[in-house]
*Asks:* 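A single structure is presented below for examination.
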Amino acid sequence: MQGKLLLFCGPSGSGKTTIVHHLLKNNPRLAFSVSATTRPIRANEKDGEDYHFLTVEDFKKKIQAEEFVEWEEVYADRFYGTLKAEIEKIWSANKVAVFDVDVEGGLKIKKIFGDLLLAIFVMPPSVDELRRRLHARNSETADSYQTRISKAEHELTYAFKFDRTIVNDSLEHALEETATTVDEFLKG
Ligand code: 5GP
């Protein structure tokens, strides 16, 4: 059985993860598609909830076994991928699958699921603000901070390919707009 899907993309630091968490907490019809990754787990994260944390070797085995809908080497040796089993699990529970993935992967997912999916791009108010947020997050080494900024600037140029853009200037406003947009999509 096929259900609906909600896709959230936007640069690291745009606030998309905060928006997605909030949405999931307030809407029991939605379920997060837990991606697999090879990056190290952060202090506030849980294995199996935020990501399935895998070794590079295990990740590559799953690629071979065609267990991914899409996967990307988002940063060098940092693989991220959407598991087919996650979507099947969510749909069989009669829920709507929610993705928080990078732009490249997101556009692949959008192409596969067409009108069943609403693609939302979360936009930071400016690149300066994005720098400030990524700096404040402090989870990155100087190296990966610069990598994330470069990737973020590149990702911003893809916003026009999405169904909706939400500017995260005030979080409260962005949360409200997201909730309304999602409600409309789920009704239709
Ligand atoms: P982070 O390391 O900050 O959690 O995520 C880094 C980037 O990888 C973010 O843009 C995030 O949305 C993206 N990402 C997370 N899961 C997936 C996935 O399954 N596939 C792809 N292509 N990107 C993902």
Side-chain angles (χ1 to χ4, degrees), residues 5-24 31-56 58-63 65-90 97-113 117-124 127 130-131 133-159 161-162 165-166 168 174 178:
L5 312 99
L6 281 169
L7 170 71
F8 287 86
C9 290
S12 187
S14 63
K16 91 189 133 144
T17 303
T18 309
I19 292 174
V20 167
H21 280 167
H22 187 269
L23 190 69
L24 287 160
F32 185 58
S33 164
V34 181
S35 294
T37 185
T38 62
R39 82 144 159 75
I41 188 165
R42 292 181 191 143
N44 57 337
E45 291 179 326
K46 279 204 188 118
D47 189 17
E49 267 182 37
D50 297 281
Y51 285 103
H52 300 290
F53 292 93
L54 303 180
T55 60
V56 173
D58 283 345
F59 197 101
K60 287 184 174 167
K61 277 190 195 147
K62 287 190 186 295
I63 297 174
E66 298 189 357
E67 289 184 35
F68 291 109
V69 178
E70 62 77 34
W71 60 271
E72 297 277 339
E73 192 172 3
V74 175
Y75 310 104
D77 246 349
R78 295 281 192 262
F79 291 87
Y80 295 80
T82 305
L83 293 157
K84 289 179 186 168
E86 279 292 316
I87 303 177
E88 280 154 18
K89 189 177 79 187
I90 293 168
V98 178
F99 304 93
D100 170 352
V101 302
D102 86 325
V103 166
E104 244 78 25
L107 291 174
K108 280 188 200 160
I109 295 174
K110 185 175 190 292
K111 209 165 161 186
I112 294 169
F113 295 104
L117 178 139
L118 181 72
I120 296 178
F121 191 91
V122 182
M123 187 79 117
V127 173
L130 197 71
R131 280 179 199 278
R133 287 182 192 172
L134 278 183
H135 213 67
R137 183 187 282 180
N138 209 17
S139 62
E140 323 303 342
T141 62
D143 215 32
S144 77
Y145 167 77
Q146 197 44 52
T147 317
R148 276 171 193 259
I149 288 289
S150 309
K151 181 172 167 63
E153 287 177 349
H154 174 68
E155 287 197 326
L156 289 175
T157 65
Y158 284 90
K161 295 195 181 232
F162 286 73
T165 297
I166 290 183
N168 187 11
T178 306

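Both ligands and their constituent atoms are indexed starting at 1 by order of listing.
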*Asks:* Using a strict cut-off of 4.0 Å, indicate which atoms of ligand 1 neighbour a heavy atom of E72.
*Replies:*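 Taking each heavy atom of E72 in turn, ligand 1 has 22 (N) under 4.0 Å.
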*Asks:* Can you tell me how far apart CD1 (I90) and CZ (F32) are? Round to the nearest 0.5 Å.
*Replies:*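 CZ of F32 is found 9.0 Å from CD1 of I90.
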*Asks:* Between R39 and ligand 1, which part of the residue brings a heavy atom under 4.0 Å of the ligand: side chain, backbone, both or neither?
*Replies:*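 Side chain only.
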*Asks:* So which bit of E73 gets within less than 4.0 Å of ligand 1, heavy atoms only: side chain, backbone, both or neither?
*Replies:*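 Within the 4.0 Å criterion, E73 makes no contact with ligand 1.
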*Asks:* Is it the side chain (CB and beyond), the backbone, both or neither of Y51 that lies under 4.0 Å from ligand 1, heavy atoms counted?
*Replies:*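 Near ligand 1, Y51 shows its side chain, while the N, CA, C and O stay back.
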*Asks:* Would you mind running through ligand 1 and noting each atom that sits below 4.0 Å from a heavy atom of G81?
*Replies:*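 So the atoms of ligand 1 that pass are 18 (C), 19 (O), 20 (N).
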*Asks:* Does the pair D102/K151 count as a salt bridge with the N-to-O cut at 4.0 Å?
*Replies:*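 Judged by the 4.0 Å cut-off on N to carboxylate O distance, D102 and K151 do form a salt bridge.
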*Asks:* Side chains of F68 and L83: closer than 4.5 Å at any heavy-atom pair?
*Replies:*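 In short, these two side chains touch, coming nearer than 4.5 Å.
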*Asks:* If you measure every N/O of E70 against every N/O of ligand 1, is any gap under 3.5 Å?
*Replies:*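 Yes, since at least one N or O of E70 sits under 3.5 Å from an N or O of ligand 1.
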*Asks:* Are any of the N/O atoms in V74 less than 3.5 Å from those in ligand 1?
*Replies:*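 Min N/O separation from ligand 1 is not below 3.5 Å for V74.
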*Asks:* Step by step, would you call F59 with F53 a ring-ring contact (aromatic ring centres under 6.0 Å, His included)?
*Replies:* CA-CA 9 Å; F59 197 101; F53 292 93; over 10 Å; no
*Asks:* Based purely on interatomic distance, does R148 place a nitrogen or oxygen under 3.5 Å from a nitrogen or oxygen of ligand 1?
*Replies:*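 For ligand 1, there is an N or O atom that lies under 3.5 Å from one belonging to R148.
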*Asks:* Would you say ligand 1 has an N or O under 3.5 Å from any N or O of S12?
*Replies:*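 No, no N or O pair falls under 3.5 Å.
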*Asks:* Only heavy atoms of K16, strictly under 4.0 Å: list the atoms of ligand 1 that pass.
*Replies:*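 Ligand 1 atoms under the 4.0 Å threshold to K16: 9 (C), 10 (O), 11 (C), 12 (O).
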*Asks:* Got a sec: does the NZ of K60 have more than 12 other heavy atoms crowding it under 6.0 Å?
*Replies:*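 At most 12 heavy atoms, drawn from other residues, nucleotides or ligands, come within 6.0 Å of this atom.
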*Asks:* Applying salt bridge (Lys or Arg N to Asp or Glu O under 4.0 Å), name anything that partners K110, two or more places apart in sequence or on another chain.
*Replies:*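 Salt bridge (Lys or Arg N to Asp or Glu O under 4.0 Å) list for K110, sorted by chain: D163.
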*Asks:* So which of V101, T17, D102 gets nearest to atom 22 (N) of ligand 1, if we judge by its closest heavy atom?
*Replies:*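 Residue with the shortest heavy-atom distance to the ligand atom: D102.
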*Asks:* So do the side chains of L118 and I120 get within less than 4.5 Å of each other, counting heavy atoms only?
*Replies:*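 Side chain of L118 against side chain of I120, heavy atoms only: contact under 4.5 Å found.
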*Asks:* Give, for atom CG of L134 and atom OG of S12, the distance between the pair rounded to the nearest 0.5 Å.
*Replies:*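 With rounding to 0.5 Å, CG (L134) is 5.0 Å from OG (S12).
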*Asks:* Does ligand 1 have any atom that is closer than 4.0 Å to a heavy atom of R78?
*Replies:*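 R78 does not count as a contact of ligand 1 under the 4.0 Å cut-off.
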*Asks:* Taking heavy atoms and a distance under 4.0 Å, where does H52 meet ligand 1: side chain, backbone, both or neither?
*Replies:*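 For H52, there is no contact with ligand 1 at all, from either part.
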*Asks:* Can you name the atoms of ligand 1, numbered from 1 with element, that are less than 4.0 Å from a heavy atom of R42?
*Replies:*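 Those atoms are 1 (P), 2 (O), 3 (O).
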*Asks:* For D100, take its heavy atoms, then give the atoms of ligand 1 lying under 4.0 Å from any of them.
*Replies:*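 Close to D100: 12 (O), 14 (N), 15 (C), 16 (N).
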*Asks:* What I want to find out is whether E72 reaches R78 closely enough, with some N-O distance under 4.0 Å, to be called a salt bridge.
*Replies:*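 Not counted as a salt bridge, because no side-chain N and carboxylate O are separated by less than 4.0 Å.
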*Asks:* Does a side-chain heavy-atom distance below 4.5 Å link F8 with T178?
*Replies:*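 Answer yes - side chains close enough.
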*Asks:* Return yes or no for this condition: an N or O of Y80 is under 3.5 Å from an N or O of ligand 1.
*Replies:*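 Yes, at least one N or O pair falls under 3.5 Å.
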